[in-house]
Amino acid sequence: MKLNLERPLAIFDLETTGTNVTKDRIVEISILKVEPNGDENTFTKRVNPEMDIPKETSEIHGIYQADIENEKTFKELAPEVAEFIGNADLAGFNSNKFDIPVLMEEFLRAEYKFDMHDRRFVDVQNIFHKMEQRTLVAAYKFYCDKDLTNAHSAEADVIATYEVLKAQVARYENLENDIKFLSTFSKQGNNEVVDFAGRIAKNKEGEIIYNFGKHKNKTVEFVANTEPGYYGWFLNSDFPLYTKQVLKEEMERIKKNREEQKEINKQKEEQRLNAKLDALKNKFGK
């Protein structure tokens with residue numbers, strides 16, 4: 001079947017040095033870009049992570065230190081990756097929790113501006129888990145009746161993910177063939193995550209809230225007023241760069257609103273004093 005696309009969909013997969021979003025790095029990236037007319041193009045690159053790949057990790061994805069020593073760093077590849085993705089929506093397997101946060105960490109680390117606003121994100125794993133509760137290998141067998149013989153190869157995984165997504169839409173009547181619907185359906189939790197790592201979110205009122213820990217579901221503004229030091233602790237802790245950037249932007253908005261409100265209050269106070277002065281002048285005929 002063919003997915004209904006309003007704009008390109010970039011299905012991507014990363015092989016990395018490990019599973020820590022903030023510390024581990026990309027060693028391979030593969031992107032399958034599907035155009036609204038059905039045309040497909042693939043982008044696959046090995047990446048020098050500028051750090052050692054643990055042996056146990058190499059044994060999983062088959063990429064060893066010698067394989068990437070002469071490859072470009074992500075900073076060198078960033079313009080190519082961004083250009084290939086273009087304005088596409090993003091999809092992957094466990095991409096909302098891992099691949100997208102890692103990709104954004106790499107772009108930020110490379111100081112390359114990659115706009116993630118106005119994109120939709122489809123996590124095929126979340127759809128799968130809501131429907132069947134299995135892994136990518138099992139999903140490929142279940143939906144496509146094929147064996148994923150080259151699992152943990154980025155290109156094999158991304159092609160399998162694309163085939164699983166199409167099969168999911170074809171299989172379930174309640175899954176609309178629409179990226180906006182699939183993006184919403186594949187999200188986890190009731191709150192709208194705004195930082196990809198799930199630490200910062202929006203509540204039903206559209207307010208920015210903390211989505212974890214002792215201040216879960218409390219607005220950033222409320223916490224800033226009641227425990228000002230929490231913001232500094234957050235920035236100095238081991239959270240993803242993009243999460244910190246989102247929080248900084250919200251705090252800047254809060255600060256701006258405070259300054260604007262302060263100016264409004266100042267003007268109101270001046271108006272009140274002027275009105276009082278005018279009343280006194282009128283009273284005494286001056």
Side-chain angles (χ1 to χ4, degrees), residues 3 5 7-21 24-35 40-47 60-61 63 74 77-78 81-82 84-107 114-116 118-140 142-144 148 150-169 175 178-189 193-198 240 242:
L3 291 176
L5 303 177
R7 56 187 173 191
L9 179 66
I11 304 102
F12 78 106
D13 185 71
L14 305 176
E15 301 303 337
T16 60
T17 57
T19 58
N20 188 308
V21 169
D24 282 306
R25 309 289 290 271
I26 297 172
V27 297
E28 186 176 58
I29 179 170
S30 186
I31 309 167
L32 174 62
K33 188 175 181 180
V34 185
E35 302 292 340
E40 301 174 11
N41 294 291
T42 302
F43 176 97
T44 301
K45 295 283 185 180
R46 291 277 175 90
V47 184
I60 293 173
H61 53 49
I63 302 172
F74 187 86
L77 286 172
V81 175
F84 186 83
I85 294 175
N87 69 335
D89 293 321
L90 298 176
F93 199 87
N94 194 34
S95 51
N96 285 0
K97 281 189 174 181
F98 185 74
D99 298 86
I100 290 175
V102 170
L103 183 65
M104 283 309 302
E105 288 297 289
E106 291 282 24
F107 274 123
F114 183 71
D115 190 1
M116 292 293 279
D118 194 33
R119 293 182 195 268
R120 297 180 181 122
F121 310 100
V122 179
D123 193 324
V124 175
Q125 185 188 62
N126 287 346
I127 295 176
F128 182 38
H129 284 179
K130 287 183 178 182
M131 295 297 189
E132 303 295 343
Q133 304 290 316
R134 290 190 177 92
T135 64
L136 177 58
V137 174
Y140 197 52
F142 182 84
Y143 289 110
C144 306
L148 185 53
N150 201 17
H152 298 298
S153 160
E155 189 164 337
D157 285 357
V158 79
I159 291 172
T161 299
Y162 177 45
E163 291 188 28
V164 168
L165 175 58
K166 290 190 293 182
Q168 286 174 329
V169 173
L175 288 183
D178 177 80
I179 294 300
K180 182 179 180 180
F181 173 86
L182 295 172
S183 175
T184 301
F185 186 85
S186 63
K187 290 177 182 176
Q188 287 189 322
V193 173
V194 296
D195 70 324
F196 307 121
Y242 189 69

Query raised in the report: Is T42 close to V158 at the side-chain level, that is, under 4.5 Å between some pair of heavy atoms?
Result: no
Report summary line: Of all heavy-atom pairs linking L3 and L9, the shortest is CD1-CD2, 4.0 Å
Query raised in the report: So do the side chains of F12 and I85 get within less than 4.5 Å of each other, counting heavy atoms only?
Result: no
Requested in this report: Mind listing the closest non-hydrogen atom pair of D123 and K97 along with its distance?
Outcome: OD2-N, 4.2 Å
Report summary line: Minimal heavy-atom distance between L14 and I29, with the atoms involved, is CD2-CG1, 3.5 Å
Report summary line: One should read off an interatomic distance between D99 CG and I11 CD1, to the nearest 0.5 angstrom, of 12.5 Å
Query raised in the report: Looking at side-chain heavy atoms only, is the closest gap between Q125 and L136 below 4.5 Å?
Result: no
Query - ring pair (Phe, Tyr, Trp, His ring centres under 6.0 Å) partners for F196, two or more places apart - result: F121, Y242
Report summary line: Residues E35 and P8: closest non-hydrogen pair is OE1-CG, 3.3 Å
Query raised in the report: Relative to F43, does K33 satisfy both conditions: NZ or CZ under 6.0 angstrom from the six-membered ring centre, and within 45 degrees of the ring's axis?
Result: no
Requested in this report: Check whether the side chains of T17 and D24 place a donor and an acceptor atom closer than 3.5 Å, and report yes or no.
Outcome: yes
Report task. Locate the shortest heavy-atom distance separating L5 from V34; write the atom from each residue and the value. Result -> CD1-O, 3.6 Å
Query raised in the report: Within a strict 4.5 Å, meaning less than it, do heavy atoms of the H61 and D157 side chains meet?
Result: no
